[in-house]
Amino acid sequence: MSLGRPEFVGHIEVRGLTKRFGSFTAVDHLDFEVRPGRITGFLGPNGSGKTTTLRMLLGLIRPTAGTATIDGHRYVEIDNPLTVVGSALEATNFHPGRTGRDHLRVQAAVAGVPDRRVDELLELVGIPAAARKRAGGYSMGMRQRLGLAAALLGDPKVIILDEPANGLDPEGIRWLRGFLRQLADEGRTLLISSHMLSEVEQTVDDVVIIANGERVAQGTVQELRGDPTAYVRTSDPERLADALTSRGLTVTPKGAGLRVTTEDLAVVGDAAHAADVAIHELRAEQTHLEELFFNLTESEEHRNRNLVGVSTADLPPPTGAPIDPALLVDAPQEDRR
Amino acid sequence: MIPAIRSEFRKFFTTRLWWGMLIPTVLAGGLFAWLAATLIAGSQQPGAAPAPDLDNPQMVSTVYTFGLNISRLILLAIGVLMVGSEYRHKTITGTFLGTPKRARVMGAKVVALLVIGALYGVVQTAASFGVGAFIINNRGFPILPDGAARTLALSLLVLGLWGLIGLGAGILIPNQVAALLIAVGVAWIVEPLLGLLFASQDWGKSIAPYLPSNATNAVVNAIETNPNGATQLSWWAGALALLAYAVVMAGLGTWRTLRADIS
């Protein structure tokens with residue numbers, strides 16, 4: 001499959017990007033880049049400035065300072081941009097009285113794409129029949145798929161998706177993962193925002209994490225995960241540490257126990273057994289990435305500054321009682337597996 | 001520019017708005033032609049001073065264009081909705097993603113609206129002419145006296161211009177509901193009242209002809225609806241006055257839209 005415009009490789013660069021709304025700084029001197037042909041996850045708690053950043057990249061919001069470019073061009077400078085950059089920002093941007101198919105045809109006219117391609121894409125995202133009904137009655141999942149189809153209309157090199165997994169059921173999320181991977185395998189550059197690490201961790205190659213409009217971390221998922229570690233508590237830490245070290249493992253004290261650099265818990269158990277010490281606790285630790293992201297979403301200073309509604313403190317205790325989903329929409333969500 | 005214009009046409013013809021607005025346009029065209037012809041014919045009282053009858057070219061123009069009083073409001077609303085519904089349903093995001101040069105989007109809307117106005121004008125004129133010519137012919141007068149053909153052609157222009165005025169109001173006031181209420185309210189109620197006020201004052205007599213409804217009547221050579229009406233503009237001056245309203249509002253609105261953050 002040839003990707004539309006060969007003059008674009010799909011390298012996104014964000015330099016010193018800043019946006020202030022009055023006294024509120026939504027994005028603060030943000031720097032990151034997205035490498036061509038890879039899937040980059042753009043992560044951060046709700047209200048951390050992800051959407052504002054993406055909208056600046058797409059020429060919808062004027063930056064207060066800094067630049068956001070695609071292969072060195074600002075979005076507004078790209079001729080027929082839909083054939084270079086495809087994006088889906090919100091699953092609500094449809095006229096309720098227009099069918100999904102006609103929504104795509106409106107965009108297709110701008111991109112200079114024939115109606116045949118519209119029907120192909122509707123097949124591809126799996127809503128060919130529903131697309132002939134008016135969009136007002138669509139479920140969130142259908143809106144996401146329609147938005148995805150719209151992003152792909154112009155066969156773009158770069159695909160930018162804002163929270164594409166929102167509103168998808170587990171089956172839909174699985175489908176989305178496979179779909180995104182396929183798009184990347186075709187040589188496209190993908191930038192995908194999410195406030196849920198678990199949604200994208202298995203899909204993305206690179207990660208950019210922001211909080212309060214500032215970059216907190218950037219790197220490949222491998223780098224940020226760090227080496228897998230296990231935590232063990234025992235009756236005799238010193239003896240176990242010696243035993244583990246003699247097996248070539250790195251051991252550091254942590255709290256009342258030890259942190260062992262390994263992903264194989266059995267090794268630790270066997271070593272303890274051989275050294276004749278009792279194990280009181282043994283578990284795999286969170287990866288560095290998980291820990292980093294969890295701390296971000298939980299720490300008070302990184303709480304969503306835009307949030308006027310509910311905080312987690314207002315939510316019912318975890319008794320298993322159903323929670324009104326409306327309450328959860330904007331609330332900072334914990335994501336710990 | 002051409003792709004953006006094509007996209008605007010697709011937007012317009014893929015919701016129910018276009019035929020929902022076309023039906024009242026047809027009805028207004030036919031009914032008001034019948035109403036005007038009947039009123040003019042009925043004003044001929046034996047013994048009284050002779051009133052202008054349907055052999056008077058301006059009376060004929062009035063019959064053919066009386067429905068414009070409604071259809072210009074319809075085009076005004078269409079113009080407002082062309083921008084307003086994009087903000088309301090946030091489709092403006094997709095529109096600006098496809099055409100990030102925003103002035104080009106507005107230009108495409110202008111072209112599309114002029115054509116849509118002309119299309120509605122053809123339909124409304126066909127209805128008005130069909131009904132009006134039938135009555136005039138029955139009374140034994142010529143159905144196309146001097147200037148009537150020009151009047152028919154110019155009603156297409158008038159509707160296009162009223163569409164642009166609506167577009168201007170829509171760009172200027174992105175809140176669709178507010179824009180609709182204000183635009184229709186001003187055009188339908190406030191402006192005619194101002195017209196009466198201006199026409200009754202010495203100082204207002206020179207302003208009154210430039211008001212949108214009077215300028216509209218001037219373009220299509222219809223009789224003034226104001227009893228003490230001041231002198232009428234020539235058709236082209238009337239058209240320019242309408243254009244000026246559209247340009248000022250659309251210009252101000254576009255200037256602001258180019259800078260606005262779309263979120």
Side-chain angles (χ1 to χ4, degrees), chain A residues 19 21 26 51-52 54-64 73-83 85-113 115 118 134-136 146-147 150-151 153-154 156 160 162, chain B residues 1-21 78 80-109 111-112 115-116 170 174 176-177 254-263:
Chain A
K19 180 64 186 183
F21 297 104
T51 300
T52 305
L54 296 184
R55 283 184 174 264
M56 284 194 279
L57 177 59
L58 294 168
L60 295 168
I61 291 182
R62 282 158 67 97
T64 309
H73 305 280
R74 290 191 305 135
Y75 186 86
V76 294
E77 297 163 353
I78 300 174
D79 187 42
N80 198 357
L82 294 184
T83 59
V85 184
S87 51
L89 288 180
E90 264 175 86
T92 53
N93 299 342
F94 308 111
H95 192 295
R98 188 177 287 136
T99 68
R101 185 171 179 275
D102 280 335
H103 172 78
L104 294 188
R105 288 180 64 244
V106 166
Q107 291 295 79
V110 183
V113 165
D115 286 0
V118 168
R134 282 195 287 269
L146 185 58
L153 262 184
I160 296 172
D162 195 10
Chain B
M1 188 78 175
I2 304 283
I5 295 169
R6 185 176 302 138
S7 180
E8 288 303 325
F9 280 119
R10 283 197 182 170
K11 274 178 210 165
F12 185 69
F13 288 108
T14 53
T15 69
R16 287 172 285 190
L17 178 74
W18 74 270
W19 56 263
M21 291 295 205
I78 289 175
V80 169
L81 292 174
M82 206 152 187
V83 186
S85 80
E86 291 237 49
Y87 280 102
R88 171 138 191 237
H89 302 300
K90 297 188 178 176
T91 52
I92 194 74
T93 295
T95 298
F96 285 157
L97 285 175
T99 313
K101 297 194 169 68
R102 298 179 188 178
R104 191 178 289 181
V105 171
M106 298 308 163
K109 286 185 186 292
V111 174
V115 175
I116 288 166
Q176 174 181 269
V177 177
T254 303
W255 183 81
R256 204 202 45 202
T257 305
L258 294 185
R259 278 148 193 80
D261 289 336
I262 307 297
S263 51

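Proteins come first, then strands; the chains are lettered A, B, ... in the order of their sequence lines, and each starts at number 1. Any value given below was found using the heavy atoms of this structure, including those in side chains, with hydrogens, waters and symmetry copies removed.
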Practice item. Tell me, for K101(B) versus chain A, whether the close heavy atoms (under 4.5 Å) come from the side chain, the backbone, both or neither. Key: side chain
Exercise for review: Name the member of G112(A), A108(A), P96(A), A111(A) that forms the most heavy-atom pairs with chain B at distances under 4.5 Å.
Suggested key: P96(A)
**Study point:** L89(A) portion near chain B, given a 4.5 angstrom heavy-atom threshold
**Key:** side chain
**Study point:** Within residues 86-113 of chain A or reaching into it, pairs that qualify as salt bridge (charged side-chain N to carboxylate O under 4.0 Å, His left out) - sequence neighbours excluded
**Key:** R55(A)-E90(A), E90(A)-K90(B), R101(A)-D119(A), D102(A)-R105(A), R105(A)-D115(A)
Review point. By ring pair (Phe, Tyr, Trp, His ring centres under 6.0 Å), which residues pair with F21(A), not counting sequence neighbours?
Key: none
Study note, to complete from the structure: So, the part of Y75(A) with a heavy atom under 4.5 Å from chain B: the answer is both
Check your understanding: With only heavy atoms counted, which part of A260(B) is less than 4.5 Å from chain A, the side chain, the backbone, both or neither?
Key -> backbone
Review point. Sub-3.5 Å donor-acceptor pair from the side chain of R104(B) to the main-chain atoms of T99(B), do we have one?
Key: no
**Study point:** Contacting region of R88(B) [heavy-atom separation from chain A under 4.5 Å]
**Key:** neither
**Study point:** Least distance between heavy atoms, H103(A) atom then N93(A) atom
**Key:** CE1-O, 3.6 Å
Check your understanding: Would one find more than 12 heavy atoms of other residues, nucleotides or ligands at under 6.0 Å from atom CZ of R259(B)?
Key -> yes
